[in-house]
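First the structure, in the form of structure tokens, and then the observations on it.
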Amino acid sequence: MKLLMFDTDDFWYKTFSKTVDSAETYDVEKATADSLVIFINVEKEDEDQKDRVVKKAVNNISWLAKKTGRNKVVLHSFGHLSESKSSIEFAEDAIKTIRDKLTAKGFETSMTPFGYLFEFKIHVKGESLAKVWKSI
């Protein structure tokens with residue numbers, strides 16, 4: 001699993017086109033302020049170790065939230081962080097599990113609609129911890 005984590009002032013996105021036929025149909029435009037935005041690539045090798053990679057992802061996101069003072073987290077499936085990709089079904093399930101575990105820890109957690117391309121704008125802070133890359 002690859003995580004590209006941003007500490008943002010603002011994040012706006014709008015669904016552009018559906019890329020996964022089985023995905024629910026959405027026409028969404030949303031914005032959030034003062035949140036962590038996490039781009040996630042779920043890799044093929046993660047399928048054999050879901051519990052471990054989900055736990056590590058939750059721990060890494062929680063650590064960054066504590067360091068930056070953030071309580072809001074937006075999870076975004078972003079398959080461009082690695083050449084390795086899990087099945088679509090596994091990726092969606094893993095990201096939803098991360099969302100649920102972060103929510104259980106008290107974070108206000110959301111996901112961009114899975115299976116879509118998006119338009120987006122992101123205002124990332126300048127500090128070093130505002131841009132964190134993790135390979136799990």
Salt-bridged, Lys72 to Asp34, with N to O below 4.0 Å? no
May I ask you to decide whether Glu43 forms a salt bridge with Lys85, counting only side-chain N to carboxylate O separations under 4.0 Å? no
Restricting to side-chain contact (heavy atoms from CB on, under 4.5 Å), what partner residues turn up for [X], sequence neighbours left out?
X     : answer
Ala57 : Met1, Leu3, Ile98, Ile136
Lys50 : Val54, Phe90, Asp93, Thr97
Trp12 : Lys14, Glu29, Ala31, Glu119, Lys121

Might you point out which heavy atoms bring [X] and [Y] nearest each other, and give the distance in Å?
X     : Y      : value
Lys2  : Ser135 : NZ-OG, 2.8 Å
Ser87 : Glu47  : N-OE2, 2.7 Å
Thr15 : Pro113 : CG2-CG, 4.1 Å
Ser84 : Glu45  : OG-OE1, 2.9 Å

Salt bridge (Lys or Arg N to Asp or Glu O under 4.0 Å) involving [X] - partner list, sequence neighbours excluded:
X      : value
Lys55  : none
Asp10  : none
Lys96  : Glu92
Lys105 : none

By ring pair (Phe, Tyr, Trp, His ring centres under 6.0 Å), Phe107 pairs with (sequence neighbours left out) none
Taking the side chain as every heavy atom from C-beta outward, state whether [X] and [Y] have any pair of such atoms under 4.5 Å apart.
X      : Y     : answer
Ser110 : Arg99 : no
Ile38  : His76 : no
Ser77  : Ile40 : no
Met5   : Ile61 : yes
Asp46  : Ser86 : no

What's in the same ILVMFWY side-chain cluster as Phe120, cut-off under 4.5 Å, chained through other members? Leu4, Phe6, Phe11, Tyr13, Tyr26, Val28, Val37, Phe39, Val74, Phe78, Leu81, Tyr116, Phe118, Ile122, Val124, Trp133
Could you grab the distance from atom CG of Asn71 to atom OG of Ser35, nearest 0.5 Å is fine? 10.5 Å
Please round to the nearest 0.5 Å and tell me the distance separating atom CG of Leu75 and atom CG of Leu102. 6.0 Å
Under the rule for side chain to side chain donor-acceptor pair (under 3.5 Å), what residues qualify as partners of Gln49, not counting sequence neighbours? Arg52
In short, salt bridge (charged side-chain N to carboxylate O under 4.0 Å, His left out) pairs touching residues 126-136 with sequence neighbours left out are none
Is the backbone N or O of Ser128 less than 3.5 Å from a side-chain atom of Asp7, with the two atoms forming a donor-acceptor pair by type? no
Give me each pair satisfying ring pair (Phe, Tyr, Trp, His ring centres under 6.0 Å) with a member in residues 49-74, each pair once, sequence neighbours excluded. none
Over 12 non-hydrogen atoms of neighbours within 6.0 angstrom of NZ in Lys101: no
